[in-house]
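Remarks on the structure that follows.
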Protein chains: 2
Amino acid sequence: MISTPPKKKLDRRQRRTRLMLSEALLSLIQEKAFSEITIQEITDRADLNRATFYLHYGTKEELLVDSLERQFDLLVQEIRGSRDFMNFWEGDVVAFRHVYENKTLFKALFNDISAGYIAFRIIDYIAEFSTEELLEHIPPNYQPPIPVEIISRHVAGSLFSLLIWWLRNDFPKTPEEMAGYIQEMCMMGTAGMLMEAGIEIINGQ
Amino acid sequence: MISTPPKKKLDRRQRRTRLMLSEALLSLIQEKAFSEITIQEITDRADLNRATFYLHYGTKEELLVDSLERQFDLLVQEIRGSRDFMNFWEGDVVAFRHVYENKTLFKALFNDISAGYIAFRIIDYIAEFSTEELLEHIPPNYQPPIPVEIISRHVAGSLFSLLIWWLRNDFPKTPEEMAGYIQEMCMMGTAGMLMEAGIEIINGQ
DNA sequence: GAACTTAATAGACATTTTGTTGACTAACGT
DNA sequence: ACGTTAGTCAACAAAATGTCTATTAAGTTC
């Protein structure tokens with residue numbers, strides 16, 4: 001669990017400054033790699049003094065995290081607004097649409113040699129390995145209902161995400177338990193568990 | 001699909017140089033944030049001239065990608081070595097053990113304000129939202145067979161991974177289709193599809 | 001093992017970026 | 001209206017970058 005830092009109410013000037021800095025960074029990141037962006041450039045575009053940056057953040061990375069937080073808060077707003085209760089499908093559709101509508105930003109974020117690229121690379125590495133494994137064992141004439149590439153990404157994403165969770169939480173379970181959970185969830189899905197709890201699954205399609 | 005660049009056979013000196021640089025970077029990353037590491041420091045630790053770095057890489061980021069590739073190749077070796085055929089469970093156990101054994105490196109990689117942190121942050125953001133949704137609808141006395149935190153991470157990882165895949169592949173499906181796939185895979189699992197293809201699932205537990 | 005080819009070195013260079021300072025002024029909250 | 005504090009401006013030393021040349025040493029090829 002991430003402890004949200006105790007956020008004191010900010011001055012209107014401070015809120016404005018941080019917003020300007022965030023907008024400047026997210027705008028710049030669509031033009032060049034994150035690592036190539038200088039603090040000078042950010043403050044220039046935000047039309048703020050460079051010293052002001054240091055009043056709020058220590059590094060570009062801190063600003064990036066803050067900026068993304070803003071971006072995702074917007075997304076959550078969208079999802080909360082337009083969902084049927086417990087209709088996960090609808091929420092996911094909104095997420096995909098949101099990414100599409102902000103595709104320039106998101107593409108930039110995960111583009112080669114930018115902020116999110118490493119994660120993409122790792123997941124892709126796992127997924128390619130997984131695809132290879134699957135293809136070895138699927139009869140060449142068999143056409144699965146969901147493309148193999150997508151199944152691989154699903155499994156790879158789950159594995160990646162749980163590896164990090166496990167790592168950042170100081171290994172609360174054994175590797176065998178973790179692998180068991182993944183096996184169970186990927187193979188059998190989670191519907192069984194949820195329905196056992198009396199949750200009704202709504203399929204929005 | 002990532003196109004592997006046409007790798008020409010490297011000189012023994014070049015191989016050595018790149019290996020030294022990779023080791024230096026992965027060693028440094030365990031001591032300080034990636035963004036704080038300078039090229040000077042990397043070459044110092046590798047005991048190479050700074051100019052040599054530029055003979056191989058343009059930026060720190062390029063070196064990082066290359067270094068991680070090495071690291072993951074090792075992992076794949078491990079998995080290929082010690083697996084029963086089609087026993088996904090066994091492979092995942094090896095992955096978790098590998099991360100544990102290299103925990104200092106991996107922790108560093110996903111630590112605050114380092115290379116992989118952004119991805120972790122995004123997944124965590126999605127997962128917290130997902131946890132919240134689940135908890136709202138699970139009866140307080142119900143104890144699910146898999147911890148809710150873990151289910152959330154599973155779903156969040158899948159969503160994250162597929163969002164990026166979809167984005168980087170220029171939106172080959174509609175948002176509705178993508179959400180449908182996720183719904184299907186998360187809820188019902190993938191075993192059905194695989195068994196339909198004649199694949200025998202082995203549970204290693 | 002000799003001959004060619006090229007990677008790595010060393011030192012130097014101008015340039016850019018960084019992080020921090022202190023005095024000033026403009027905007028904020030109560 | 002007042003006291004407080006965020007943002008500005010200019011300046012600064014220190015550090016890091018990227019590129020260059022000439023030289024040395026190690027590789028590859030035959």
Side-chain angles (χ1 to χ4, degrees), chain A residues 5-67 69-70 112-115 117, chain B residues 5-67 69-70 112-115 117:
Chain A
K7 43 178 122 181
K8 259 205 304 230
K9 183 71 190 275
L10 293 177
D11 197 312
R12 186 195 300 158
R13 288 170 294 179
Q14 294 175 297
R15 289 197 304 271
R16 190 193 110 93
T17 296
R18 295 196 182 187
L19 181 63
M20 301 307 272
L21 288 173
S22 284
E23 284 176 354
L25 176 58
L26 292 186
S27 147
L28 277 166
I29 220 173
Q30 298 179 48
E31 295 165 24
K32 46 159 64 177
F34 176 72
S35 58
E36 313 278 310
I37 298 171
T38 70
I39 292 170
Q40 182 69 258
E41 281 178 299
I42 298 172
T43 51
D44 277 357
R45 179 151 313 188
D47 199 25
L48 293 169
N49 194 278
R50 190 163 61 87
T52 308
F53 176 93
Y54 294 103
L55 256 34
H56 291 270
Y57 306 101
T59 62
K60 278 189 302 177
E61 285 75 15
E62 276 179 47
L63 171 59
L64 179 62
V65 170
D66 198 30
S67 306
E69 207 96 11
R70 281 169 209 285
D112 300 22
I113 318 301
S114 196
Y117 181 66
Chain B
K7 43 178 120 181
K8 259 205 304 225
K9 182 73 191 271
L10 292 177
D11 196 315
R12 186 194 302 158
R13 288 169 294 179
Q14 294 174 297
R15 289 198 303 272
R16 190 193 111 93
T17 297
R18 294 197 182 188
L19 182 63
M20 300 306 273
L21 288 173
S22 284
E23 285 176 353
L25 176 58
L26 293 187
S27 146
L28 276 165
I29 221 174
Q30 298 180 48
E31 296 165 22
K32 46 158 66 175
F34 176 71
S35 59
E36 313 279 312
I37 297 171
T38 70
I39 292 171
Q40 182 69 259
E41 282 178 299
I42 298 172
T43 50
D44 277 357
R45 178 151 315 186
D47 198 24
L48 294 169
N49 193 279
R50 190 163 61 87
T52 308
F53 176 93
Y54 294 103
L55 256 34
H56 292 269
Y57 306 101
T59 62
K60 276 189 306 176
E61 285 74 15
E62 277 180 46
L63 171 59
L64 178 62
V65 170
D66 197 32
S67 307
E69 207 96 13
R70 282 169 209 284
D112 299 23
I113 318 302
S114 195
Y117 181 67

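Worth saying up front: this structure is predicted, and the values here are computed from it rather than measured. Within every chain, numbering begins at 1; the chains are lettered A, B, ... in the order of the sequence lines, protein sequences first and strands thereafter.
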base_contact_polar (dA27(C) base, Arg13(A) side chain, donor-acceptor, <3.5 Å): yes

Of the listed nucleotides [options], the one nearest the side chain of [X]:
X	options	value
Asp11(B)	dG7(D), dC9(D), dA7(C)	dA7(C)
Arg50(B)	dT8(D), dG27(D), dT17(D)	dT17(D)
Leu48(B)	dA7(C), dG7(D), dT9(C)	dT9(C)
Thr17(B)	dG7(D), dT21(C), dA8(C)	dA8(C)
His56(A)	dG18(D), dG19(C), dG7(D)	dG7(D)
Ala51(B)	dA10(C), dG7(D), dA16(D)	dA10(C)
Arg12(A)	dG29(C), dG19(C), dG7(D)	dG29(C)

Check the distance between [N]'s [atom2] and [X]'s [atom1] and give it to me in whole angstrom.
X	N	atom1	atom2	value
Leu55(A)	dC9(D)	CG	P	14 Å
Gln40(B)	dA15(D)	CD	P	12 Å
Ile37(A)	dT17(D)	CD1	P	17 Å
Leu21(A)	dA6(D)	CG	P	15 Å
Asn49(B)	dA12(C)	CG	C1'	12 Å
Tyr54(A)	dC9(D)	OH	P	17 Å
Lys60(A)	dA16(D)	NZ	P	15 Å
Tyr57(A)	dG19(C)	OH	P	16 Å

Reported [atom1]-to-[atom2] distance for the pair [X] and [Y], which is rounded to 0.5 angstrom:
X	Y	atom1	atom2	value
Leu63(B)	Leu26(B)	CG	CG	8.0 Å
Leu55(A)	Arg18(A)	CG	CZ	9.5 Å
Ile37(B)	Glu31(B)	CD1	CD	8.0 Å

Whether Ser114(B) side chain and Tyr117(B) backbone form a donor-acceptor pair below 3.5 Å: no

Under 3.5 Å donor-acceptor, Glu36(A) side chain and Ala33(A) backbone: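 No; zero donor-acceptor contacts below 3.5 Å.
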
First encountered from the 5' end of DNA chain D, between Glu36(B) and Arg15(A):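 Nearer the 5' end of the strand: Arg15(A).
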
